[in-house]
Amino acid sequence: MPELPDVETLRRYLDSTSLHRRIQSADARDARVVKGVSLKRLESTLRGREFESTHRHGKFLFVTLDRGPLLVLHFGMTGELAYFKHDQGEPAHTRLRIRFANGYRLAYVNRRRLGRVSLAENIEEFIRDEGLGPDALSVERDAFEDMLKGGRGKIKSALMNQNGVAGIGNVYADEILFQASVRPGKRLEKLTGKARRELFRAMRRVLKVAIRHRGHREEFPKTYLSDHREAGAECPKCGGRIRKGTINGRSTYYCPQCQT
DNA sequence: AGTACCACCTGACGGC
DNA sequence: TGCCGTCAGGTGGTAC
């Protein structure tokens, strides 16, 4: 489920495979994923161009071309990228295929189609139009703590709200709260300054660790919750029982002993 | 502003 | 075997 660390991993993957290669053609085959631009126009925009650089903001990946607009990718829950040689089989659920002049291809794959492919004129404008908050790994500590001070709801909702800080989804919200020892249902107005500070630290630490492990939960440190998302599982810190609840209509896992 | 719920979308899985 | 409800979780919309 691509959240910030996963999208960052995809960004690096695209960087290492697909920059500075002539695009022979693009094949956009799914109008339900391509938003705000026709399939034809997307294809003609990419044809003959090269990917020049990439930028990530929250869960969005921007790819600049050597001329013209930016390619914007969002991966929803099931999106990914695959770079492969033309004679290898194309992945199932490929929604956009890019053919490079070197005989390799880049596929935007998205089984469930929750996600989007679009074009944008510039990144700042796109972020503003979407109402996205600062990226969770770039936000200043004061801005983050002020955001928590200003809100009224549950802390987990605030962490997941892309208009507050961008990039945190369901799994990493739970992990950050677990590492900061804060209950997901805790109201913002009841957080202490110390807890806000600890949340900021945990957010940065968790996201960086996850990036280092390319989002592979099974490789996370032993004290992480992400690979034990199951009601009744053993808490990796205290050995108690993990509880499952619902916040924002999302399944939420936490340790009632460790998190207060 | 916050909450609650539905819709979008597909596949895996468990119950009957 | 096979049908069916439920769940997975990112986002957007609507009603309260």
Side-chain angles (χ1 to χ4, degrees), chain A residues 1-11 28-36 56-62 72-82 90-96 107-118 120 126-133 135-136 146-178 183-191 203 206-207 210 215-218 225-233 242-254:
Chain A
M1 58 319 313
E3 304 181 28
L4 187 153
D6 314 286
V7 178
E8 177 63 19
T9 302
L10 291 167
R11 187 187 73 75
R29 47 180 61 161
D30 199 304
R32 283 185 287 178
V33 170
V34 175
K35 306 281 170 65
R56 183 192 53 71
H57 187 97
K59 302 173 190 174
F60 285 91
L61 177 56
F62 303 92
V72 183
L73 302 176
H74 190 283
F75 297 92
M77 274 180 61
T78 55
E80 54 184 322
L81 297 172
E90 175 179 288
H93 315 298
T94 294
R95 312 298 180 194
L96 170 66
Y108 169 88
V109 180
N110 198 329
R111 177 162 58 78
R112 286 176 61 185
R113 296 186 169 96
L114 302 173
R116 61 209 235 217
V117 174
S118 54
F126 181 90
I127 290 168
R128 196 170 344 116
D129 291 350
E130 290 287 323
L132 295 175
D135 182 77
D146 287 350
M147 179 202 67
L148 296 185
K149 270 189 220 166
R152 297 288 105 174
K154 297 174 178 170
I155 177 62
K156 180 170 177 180
S157 301
L159 289 177
M160 288 181 66
N161 180 0
Q162 303 300 300
N163 309 133
V165 292
I168 299 170
N170 197 42
V171 172
Y172 287 105
D174 281 1
E175 187 67 64
I176 290 163
L177 290 161
F178 182 70
R183 287 230 186 176
K186 186 99 169 175
R187 319 287 307 188
L188 291 179
E189 55 272 35
K190 300 189 89 173
L191 282 178
M203 173 175 74
V206 165
L207 295 175
H216 295 164
R217 294 182 209 173
E218 67 281 4
L225 176 69
S226 300
D227 202 30
H228 311 277
R229 297 175 63 77
E230 197 182 337
I242 296 299
R243 192 173 294 170
K244 177 181 181 181
T246 300
I247 287 181
N248 262 357
R250 304 281 179 271
S251 55
T252 297
Y253 298 88
Y254 66 101

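Only a predicted model underlies this, so the values are computations on that prediction, with no experimental measurement involved.
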To the nearest angstrom, how far is A/His74 atom NE2 from B/dC8 atom P? 19 Å
Polar-atom pairs under 3.5 Å, protein N or O versus N or O of nucleotides 14-16 of chain C: list them with distances, or write none.
none

Represent DNA chain B in dot-bracket notation, 5' to 3'. Only Watson-Crick or G-U wobble pairs with both distances under 3.5 Å count; pseudoknot-style crossings use [ ] and interstrand partners use |. .|||||||.|||||||
Closest to side chain of A/Glu130, choosing from C/dG10, C/dG12, C/dC7: C/dG12
Counting only side-chain nitrogens and oxygens, does A/Gln162 get under 4.0 Å of the OP1 or OP2 atom of C/dG10? no
Show me the donor-acceptor pairs within less than 3.5 Å that the side chains of residues 73-80 of chain A make with the rest of the protein, sequence neighbours left out.
residue	atom	partner	partner atom	Å
A/His74	ND1	A/Gly76	N	3.1
A/Thr78	OG1	A/Asn110	OD1	2.7
A/Thr78	OG1	A/Arg112	N	3.0

Are the side chains of A/Val72 and A/Phe126 in contact, using a 4.5 Å heavy-atom criterion? yes
Taking any heavy-atom pair under 4.0 Å as a contact, classify A/Gly151: base, sugar-phosphate, or nothing. sugar-phosphate
Length of the line joining A/Ile247:CD1 and C/dG10:P, which is rounded to integer Å: 14 Å
Mark up nucleotides 9-15 of chain B, 5' to 3', with B wherever a protein heavy atom is under 4.0 angstrom from a base atom, S wherever such an atom reaches only the sugar-phosphate, and - elsewhere. BBS----
If you compare every side-chain N and O of A/Tyr172 against the phosphate oxygens of C/dG9 (OP1, OP2), does one of them come in below 4.0 Å? no
Would you mind checking if A/Arg29 and A/Glu90 are paired as a salt bridge, meaning a charged N to carboxylate O distance below 4.0 Å? yes
Can you tell me the distance, in whole Å, between the CZ atom of A/Arg217 and the P atom of C/dA8? 11 Å
Donor-acceptor under 3.5 Å (A/Asn248 side chain, A/Ser157 main chain): no
For A/Gln162, which residues count as a side-chain contact (heavy atoms from CB on, under 4.5 Å) partner, sequence neighbours excluded? A/Lys59, A/Leu132, A/Ala166
Measure the distance from CG on A/Asn161 to P on B/dG2 and round it to the nearest whole Å. 8 Å
Just the rounded figure in Å: distance from C1' of C/dG12 to CG of A/Leu132. 13 Å
Taking the side chain as C-beta and beyond, is there a heavy-atom pair between A/Lys156 and A/Leu159 under 4.5 Å? no
To the nearest 0.5 Å, how far apart are CG in A/Leu225 and CG in A/Leu177? 10.0 Å
Rounded P spacing from B/dC6 to C/dG5 in Å: 15 Å
Over all strands shown, is A/Gly169 touching base, sugar-phosphate only, or nothing at heavy-atom distances under 4.0 angstrom? sugar-phosphate
Non-hydrogen side-chain atoms of A/Lys154 and A/Lys186 separated by less than 4.5 Å: no
Between C1' on C/dG9 and CG on A/Asp6, what's the gap in Å once rounded to a whole number? 12 Å
Between P on C/dG13 and CG on A/Asn163, what's the gap in Å once rounded to a whole number? 12 Å
Starting at CZ of A/Arg229 and ending at C1' of C/dC7, how long is that distance when rounded to a whole Å? 13 Å
Do any N or O atoms of the protein come closer than 3.5 Å to N or O atoms of nucleotides 3-6 of chain B, and which pairs are they?
residue	atom	partner	partner atom	Å
B/dT3	OP1	A/Arg187	NH1	3.3
B/dT3	OP1	A/Arg187	NH2	3.0

With a 4.5 Å cut-off on side-chain heavy atoms, are A/Arg229 and A/Asn170 touching? yes
Please classify the nucleic acid contact of A/Lys244 as base, sugar-phosphate, or nothing, using heavy-atom distances under 4.0 Å. sugar-phosphate
Looking for any heavy atom pair under 4.0 Å, which part of the strands does A/Thr78 touch: base, sugar-phosphate only, or nothing? nothing
Where the side chain of A/Arg111 meets the backbone of A/Thr94, is there a donor-acceptor pair that is under 3.5 Å apart? no
